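Proteins get letters first, then strands, A, B, ... in listed order; numbering begins at 1 in each. Just so it is clear, the model here is predicted, and its values are computed rather than measured.
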There are 4 protein chains.
Amino acid sequence: MKGKGSTKEELIFDATLRLVEQVGLSGVSMEAVAKQAKIATGTVYIYFKSKEELLNKLYVTVKLKFYGTISDGLNEDKPFKVLFKKMCNDYLRFFLEYYPETIFLQQFYNSPYVTASTVDATKGLLQPLSELLQRGKTEMLLKEMDTRFMITFLHGTIGQLAGFIRDQPVQKTYTDQVWTICWDALKL
Amino acid sequence: MKGKGSTKEELIFDATLRLVEQVGLSGVSMEAVAKQAKIATGTVYIYFKSKEELLNKLYVTVKLKFYGTISDGLNEDKPFKVLFKKMCNDYLRFFLEYYPETIFLQQFYNSPYVTASTVDATKGLLQPLSELLQRGKTEMLLKEMDTRFMITFLHGTIGQLAGFIRDQPVQKTYTDQVWTICWDALKL
Amino acid sequence: MKGKGSTKEELIFDATLRLVEQVGLSGVSMEAVAKQAKIATGTVYIYFKSKEELLNKLYVTVKLKFYGTISDGLNEDKPFKVLFKKMCNDYLRFFLEYYPETIFLQQFYNSPYVTASTVDATKGLLQPLSELLQRGKTEMLLKEMDTRFMITFLHGTIGQLAGFIRDQPVQKTYTDQVWTICWDALKL
Amino acid sequence: MKGKGSTKEELIFDATLRLVEQVGLSGVSMEAVAKQAKIATGTVYIYFKSKEELLNKLYVTVKLKFYGTISDGLNEDKPFKVLFKKMCNDYLRFFLEYYPETIFLQQFYNSPYVTASTVDATKGLLQPLSELLQRGKTEMLLKEMDTRFMITFLHGTIGQLAGFIRDQPVQKTYTDQVWTICWDALKL
DNA sequence: AATGAATGAGGTTTCATTCAT
DNA sequence: CATGAATGAAACCTCATTCAT
């Protein structure tokens, strides 16, 4: 049941994400988080020793959920293009379904809160996606291009388009175009 | 001469951008801006009646410079693909050359400072780019696709890739790939 | 066995004293006391109804131990100077041996925690010392001087010198000088 | 005019000292200091970047005033005993006249606020007193005793006795006994 | 009795904004 | 216009105390 975490940590994470969606990261105060989570200010500090820790842990958590979503089934024994399409669609679906999370990921990354260890902790999560793209190159379906460059492209493109699609009354028109664009951009 | 505006407004704008680059938008305080610009705190309030106004006006200014850059020469009498390539390259060059501005644009857009009128003010600046893409569709060189969708794609893609390229020791390897990717993605 | 009280009260007292030594009285929090004593926060409140009560009771306890130490054997049938010397040495030994207690006594006395009843409770404990000094005056060995003045002198002097001695690598050099100084100061 | 410093720093120092006298060092909050000094909370932070800095600077200031008082005229060409008496009396007078300062010096030294550099900064101020005592030893008027030990003795003794005297209705009875006691204690 | 999560008042500090000079 | 000290609301965080288990 999204939005109602059962543990206190999840409760606080949810409250934080809802706030980020409403007022942006810089509008997030510990007091507001507590009120949103319907707990006392001090309680937040039982679970996170500072605002910085709260945000960094939330970042890692969201990244894990995110990369879990898009990495799912990427090494199945299916034709490359099928998996590429699935990956693009999962990517887009995550951005559309977990909008507050997406906003948070974007805003947090360029905030004074990020710590080096957090960035490190999320390294390596891209492995499955990285391997898929490698396979595409090996099968001579994708351009010979730096894999990290490709990943950056996919992330930026799908992220931005998701924001656009989200504002449209009829979304179906666009969702299918996303993976097509990505495919055409990277295919040989 | 970039970095040294001659009027006070430009001086303050420059100071703000340098700060955003260093500490992020949420690290920007009016006192820090004043100190960076080597003027008194109160002086900032002579030129901008609040922090909100300062940031919003800076946003409009940067957007104008930005769209000016990428709109330049777009209606010349040249083959479409030539103009498309030029546009992509200008786009990328702006992102690379004016990095603080880019950071600011991104961070400001998802901040509690944006006002509706600012967003309105920058509408319409996309006209030249929009017309170029229309021409591409008319000439049956580009996909039949919502123009705003295409613009969103270009913005997200090039912006993200610029961030990537900026971190690379050798940038030349990548700069040419950007417009190619964009072309392949949108071409029919 | 010093340092390991058997009852919970003593356990808590020990923990408090260790904390005072490490971080000073203002660094003492009920949570820190509980953690140091390896019990739960709430447990402290079973034995002491507030921080104030804990500290005041500890103060009385330490004062009792302290005055017990220096009053021991003061009314024996021995020459005055012998008893005076013994008293000074006991005084100094207490300060050196029970350093955390000493720190606590000093810091607590000038804290907002002291209650009037605590100060009252430790009145009268000076009786034996007071009587010894009276005897010295009767025997015309000590100056004719307000007894409370003398006690204040002894306390301040020995306390301060103990702090000094504690920091010296070789303490033996100084310990014997303490009682001599006190004797010379007060003797007729 | 004591109690009404003309600069803001002095105003804040005075307010702090008055508070320490009333409620002890741990009762001193920045808000209380501001209110006592009749300025806004934020104003305190213009002059002192933190509570720690405020207290440490106050400590150095008071120490300077203190050592200035007792060092005055110590190297004049007068008989040793005359200077020793003068020094003791100045010492006592300072403690009696600047009672809040005295309380502060005592409480601050054993607080979590002291920084190493502050302690360093007040080293060396004892030079004149130190030289006086050296002279006393050279002239074979004082015991052969570690000078720092003597200084510790004087400080602890006079400080403690000052506290006692302060509470007496008739102070004159005691003031003359202080230097006598110190002299007898240290003289050969 | 024992636990330790939860509370919320209060303390420290920052910062947008004002105003006397 | 320019200054920068002053303001005070609001942010972050701590900690004495309570209470359900």
- Cation-pi geometry met for C:K65 and C:Y98 (6.0 Å, 45°): yes
- Message: I'd like to check C:L25 versus C:S111 (side-chain heavy atoms, cut-off strictly below 4.5 Å). Are they in contact?
- Response: yes
- Would you say C:K63's side chain and C:T118's backbone share a donor-acceptor pair under 3.5 angstrom? no
- Note on the structure: Nearest-nucleotide check on DNA chain E, B:Y45 vs D:S50; residue mapping nearer the 5' end is D:S50
- Note on the structure: Contact string for nucleotides 2-9 of chain E, one letter per nucleotide 5' to 3', B = base within protein heavy-atom range under 4.0 Å, S = sugar-phosphate only, - = neither, reads BBBSBBB-
- Message: Tell me the interatomic distance from D:L19, atom CG, to E:dG11, atom C1', rounded to whole angstroms.
- Response: 14 Å
- Expressed in angstrom and rounded to an integer, what is the separation of C:F48 atom CZ from E:dA1 atom C1'? 15 Å
- Pair B:F108-B:L58, side chain to side chain contact (heavy atoms under 4.5 Å, CB included): steps then yes or no: CA-CA 10 Å; B:F108 178 78; B:L58 175 55; over 6 Å; no
- Message: Within residues 22-32 of chain B, which residues have any heavy atom lying less than 4.0 Å from an atom of DNA chain E?
- Response: B:V28, B:S29, B:M30
- Task: Could you check whether the rings of D:F48 and D:F13 sit parallel, tilted or perpendicular, using 30° and 60° as the cut-offs?
- Result: tilted
- Message: Surrounding CD of D:E21 (heavy atoms of other residues, nucleotides or ligands, distance under 6.0 Å), is the total greater than 12?
- Response: yes
- Query: Taking CD1 from C:I12 and P from F:dA16, how many angstroms apart are they, rounded to a whole number?
  - Reply: 14 Å
- Message: Using a 3.5 Å limit on both distances, find every run of at least three consecutive Watson-Crick or G-U pairs that involves DNA chain F.
- Response: E:2-21 with F:2-21
- Message: Rounded to whole Å, please give me the gap between CG in B:L11 and C1' in F:dA2.
- Response: 13 Å
- Side-chain donor-acceptor pair present, D:K49, D:Y45, cut-off under 3.5 Å: no
- Item | Out of F:dC13, F:dA16, E:dT17, whichever nucleotide has its closest atom nearest the side chain of A:K51 | F:dC13
- Query: Under 4.0 Å between a Lys/Arg side-chain N and an Asp/Glu carboxylate O for A:E53 and A:K57?
  - Reply: yes
- Measure from CG on B:L54 to C1' on E:dC15 and round the result to the nearest Å. 14 Å
- Message: Closer than 3.5 angstrom, by distance alone: can the side chain of C:N56 be matched with the main-chain N or O of C:V114 as a donor-acceptor pair?
- Response: no
- Message: Which residue is it: B:D14, B:T16, B:L17, B:V62? I am looking for the one with a side chain to side chain contact (heavy atoms under 4.5 Å, CB included) to B:P100.
- Response: B:L17
- Query: Between atom CD in C:E52 and atom C1' in F:dT17, what is the gap in whole Å?
  - Reply: 14 Å
- Message: Would you say the rings of D:F66 and D:F95 are close, in the sense that their centroids are separated by under 6.0 Å?
- Response: yes
